[in-house]
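One-based numbering along the sequence shown. Counting convention: from 1, in listed order, for ligands and their atoms alike.
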Amino acid sequence: MPGNFETRSQEINSLKESVREYVKTSELFGEDEFFRTLHQTPLVEKPAQESSDKKARLDALYGKYAECKNCPLGNTRNKIVFGMGVLNPDVLFVGEGPGFEEDRKGLPFVGRAGELLDKIMASINLSREKSVYIANIVKCHPMKNPDRPDLRGNDRPPEPSEMAACLPILEEQIDILDPKFICTLGSVSTKALLKTEDGISRIRGRLFEYVSLSHKKIQVLPTYHPAALLRNPELKRDVWEDMKLLQNLISQTL
Ligand code: URA
């Protein structure tokens with residue numbers, strides 16, 4: 001019967017879709033494969049409009065904190081990791097703090113988690129060269145053992161006092177950059193920016209409001225930290241959902 005046949009083929013199609021989804025999220029694919037496979041969305045790129053005013057303000061902010069010793073992290077860092085990206089970002093991604101690689105290079109997210117972040121961004125056609133800015137809550141490397149800056153795996157999350165000392169820099173950066181959206185990566189940055197105690201698995205994928213120093217309201221989308229995805233690839237499915245939402249929001253602003 002035609003009715004039955006249609007129902008059956010709908011069922012088969014939906015089954016195929018589920019299998020495709022499963023394969024995408026399964027550990028058969030490495031983390032890089034996962035986000036590359038999902039690179040299926042149309043390009044939504046805008047030329048970065050250089051703003052000399054923004055650049056001057058950011059440069060001045062950098063100058064003000066280049067030798068910062070407002071917390072003990074300033075005594076052990078190799079390089080301050082101020083941030084990088086475009087001056088008119090669609091999205092400001094916010095991590096927690098520099099790790100070993102970042103401390104050496106002076107750039108955010110340049111280790112394994114950073115490679116994955118690049119792929120996550122690329123899956124919705126975002127990149128640090130063209131459309132985003134990347135910064136952290138703290139600008140200097142928090143270490144478990146500050147006497148061994150030469151050791152890998154010596155990273156730790158920033159202390160509340162370190163975050164409190166450093167947050168004014170990020171607040172200024174947000175004010176200057178005026179991003180269309182903010183995406184906090186992981187619970188540390190989400191809690192610090194949104195002043196919430198809720199865990200990341202509870203609030204990821206939902207939109208919150210951040211009010212900038214000049215009283216501008218900016219929507220914030222918390223998602224998992226890429227380092228969490230390296231430990232637990234199951235979380236990639238949720239991050240992909242969050243990225244689709246982000247891309248949708250950006251496209252509504254074009
Ligand atoms: N993790 C972060 O939160 N920030 C970085 O810059 C690198 C790793």
Do Asn88 and Lys54 have side-chain N/O donor and acceptor atoms under 3.5 Å apart?
yes
Would you tell me whether Thr184 and Ser189 have side-chain atoms, one donor and one acceptor, within less than 3.5 Å of each other?
no
Sequence neighbours left out, what pairs pass side-chain hydrogen bond (donor to acceptor under 3.5 Å, both in side chains) with at least one residue falling in residues 138-163?
Glu101-Arg152, Lys139-Gln173, His141-Asp155, Arg148-Asp150, Arg156-Glu162
Quick one: nearest non-hydrogen protein atom to atom 5 (C) of ligand 1, plus distance?
Gly97 O, 3.4 Å
Using a 4.0 Å cutoff against the non-hydrogen atoms of Glu96, which atoms of ligand 1 qualify?
2 (C), 3 (O)
Does some non-hydrogen atom of His225 fall short of 4.0 Å from ligand 1?
yes
Quick one: nearest non-hydrogen protein atom to atom 4 (N) of ligand 1, plus distance?
Asn136 OD1, 2.8 Å
Could you point out which residue of Leu117, Leu116, Val81 forms a side chain to side chain contact (heavy atoms under 4.5 Å, CB included) with Phe109?
Leu117
State, without any angle test, whether Lys191 and Thr196 hold a side-chain donor-acceptor pair at a distance under 3.5 Å.
no
Check ligand 1 against Gly95 and write out every atom of the ligand that is under 4.0 Å from a heavy-atom position of the residue.
3 (O)
Suppose we measure from atom 8 (C) of ligand 1 to each protein heavy atom; which comes out shortest, and what is that distance?
Phe109 CE2, 3.8 Å
